[in-house]
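Have a look at the structure below before the remarks.
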Number of protein chains: 2
Amino acid sequence: MPETKGSTHTKRATYELRHRIIEGKIAGGTRLFEVALAEELAISRTPVREAMSRLAEEGLLERASGGGFMVRSFTYQDVIDAIELRGVLEGTAARLAAEQGADPDDLRHINMIVDEIDHCFGAIDTPADFDRYSELNAAFHDALARLCGSAIILRELERVKSLPFASPSAFVLGRSQNAAAHRGLVIAQMQHRALVEAIRQREGSRAEAVAREHARIARENLETSQREEKTVSNLPGMSLVID
Amino acid sequence: MPETKGSTHTKRATYELRHRIIEGKIAGGTRLFEVALAEELAISRTPVREAMSRLAEEGLLERASGGGFMVRSFTYQDVIDAIELRGVLEGTAARLAAEQGADPDDLRHINMIVDEIDHCFGAIDTPADFDRYSELNAAFHDALARLCGSAIILRELERVKSLPFASPSAFVLGRSQNAAAHRGLVIAQMQHRALVEAIRQREGSRAEAVAREHARIARENLETSQREEKTVSNLPGMSLVID
DNA sequence: GGCGCCGAATATGTATACATTGCCGTGTAT
DNA sequence: ATACACGGCAATGTATACATATTCGGCGCC
């Protein structure tokens, strides 16, 4: 087996399989066979089954009728829906945080992240630091999911975000680093501030609306990508889209 | 092993375990040991692991640190959040159905269910048919989840509803069959009609709001139950609540 | 007396042999 | 020619032996 991190065969197999699926090395809809994979990874069937079971929990695989697993495949509409769903769930997290009053420490923390994101933008007309933006953006959305203190909301949000194309940072790096992309980031950052401010002011309805609108940026970026380039293979997880 | 349905040992073990957990025979937080369960069910460890793995996918179990599984446990707040989440997701399904325009056949179908629910109410001051109501109510909520045609939304909604206390019918049978319960059902049915009508009229915002409010009935029923009786054990899945 | 280490007990992790099931192709009979 | 049945193959289902890891108690040292 290629050297991938993890201490047990199960963990390594899980990591390796997940990687291959997200990279697009295994197409959506492909059926996975225990024996073949076990031989390929040079381990026995048991950890392979275990790994597939975990990836099914993650939502990357689905159990096939009559046993076994197949790589889950998505339609273009599924991607749209997953992004919409993320917006709805983040909106709920934001609304609940606003209604219940977020913990001051948590608010300080998320504010710190927003401030740091500002530093990703250089002087006017200089390129932004897309890598750092992507990283901080993920941290922001993680902090947002935790802000209302609900383990239930957090769990479902994590679940949706684990779909590679529904991740908040999915289309940050996917886009070409041009002026339009730069502008998009500026708008997103404005929404970050508005979102935190709405929560602080306990404006639940506004917080929810802003969070939903914020997710729509991802949808627009997706649609732009679709229009500009016929091939979608360089966007994360888009190889799982089959139609 | 007690005779439970299923053709393979895995399926029987899955069914049996799920039953025991929901019935409250295994408390929330309990760690499940493969060997002990295997002996008890008179099968080997392999199908037991497989069953536990599937129940983890369902959300009834969680993987313990350092391997193994434990019965997931919930706080009272988790139950509240799960109900709220169901409302949010059903609201989204309703809104999308309204915005995109639901399939006429689907609309006819859900309308038929609503009409049938009317028959559960007898003449004035006669008891309603709670069993039949519960059944049709579940069918209504299932039809609602499918109405927007999104596999993504459907899947997540099914997931939340699989938590026994977040199911739409969780508190229908749990309540004592008194006049107050009867009144609650009448109100719920009014919301059913309003919901379908909003979707038909393509009033997305109204549809979403009604769906959310509808879920709040479950929350109120829960709070009423908590107030009236100290013990919560007769409500579905409430044995998993530990605080 | 408390902290930490060590080892046994017990748990899960892994490999593998065997059982069972479901599918597909081929054959024959109508 | 079609339909049914038989058989073999290939997949998952299951049991079990063995390997490894984790945990917890006791014992010793600080």
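The basis for the numbers below is simple: all heavy atoms, side chains too, and nothing from hydrogens, waters or symmetry mates. Only a predicted model underlies this, so the values are computations on that prediction, with no experimental measurement involved. Letters A, B, ... are given to chains in the order of the sequence lines, protein chains preceding strands, and every chain is numbered from 1.
At distances below 3.5 Å, not a single donor-acceptor pair connects side-chain atoms of B:T10 with backbone N or O atoms of B:A51. With hydrogens and angles ignored, the 3.5 Å screen pairs no side-chain donor or acceptor of A:T30 with any backbone N or O of A:V71. Not a single donor-acceptor pair under 3.5 Å links the side chain of A:R86 to the backbone N or O of A:V160.
Comparing D:dT12, C:dT12, D:dT16 against the side chain of A:F33 picks out D:dT12 as the nearest. Considering only the side chain of B:T46, D:dT16 comes nearest among C:dT12, D:dA11, D:dT16. Of the candidates D:dA15, C:dA15, C:dG13, the closest approach to any side-chain atom of B:R49 belongs to C:dG13.
Rounded to an integer number of Å, the gap from CD1 of B:I43 to C1' of C:dA19 is 15 Å. The CG-P distance, from A:L37 to D:dA10, rounds to 17 Å in whole Å. When the C1' atom of C:dG13 is taken as reference, atom NZ of A:K11 falls 10 Å away, rounded to whole Å. Atom CE of B:M52 is separated from atom P of D:dT14 by 14 Å (rounded to the nearest Å). Regarding B:E39, its CD atom lies at a distance of 12 Å from the P atom of C:dT10, rounded to whole Å. The NE2-P distance, from B:H9 to C:dT20, rounds to 10 Å in whole Å. If you measure from atom CD of A:E34 to atom P of D:dA11, you get 10 Å, rounded to the nearest angstrom. Rounded to whole Å, atom C1' of C:dT12 lies 12 Å from atom CZ of B:R63.
Across all strands shown, B:T10 has heavy atoms under 4.0 Å from sugar-phosphate atoms exclusively, and none from any base.
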Which is it for B:H141 and B:E90 under the side-chain hydrogen bond (donor to acceptor under 3.5 Å, both in side chains) test, yes or no, and what are the steps along the way?
CA-CA 8 Å; B:H141 284 267; B:E90 289 186 330; 2.7 Å; yes
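Projected onto DNA chain D by closest heavy-atom contact, B:R45 and B:E50 fall at different nucleotides, the more 5' of which corresponds to B:E50.
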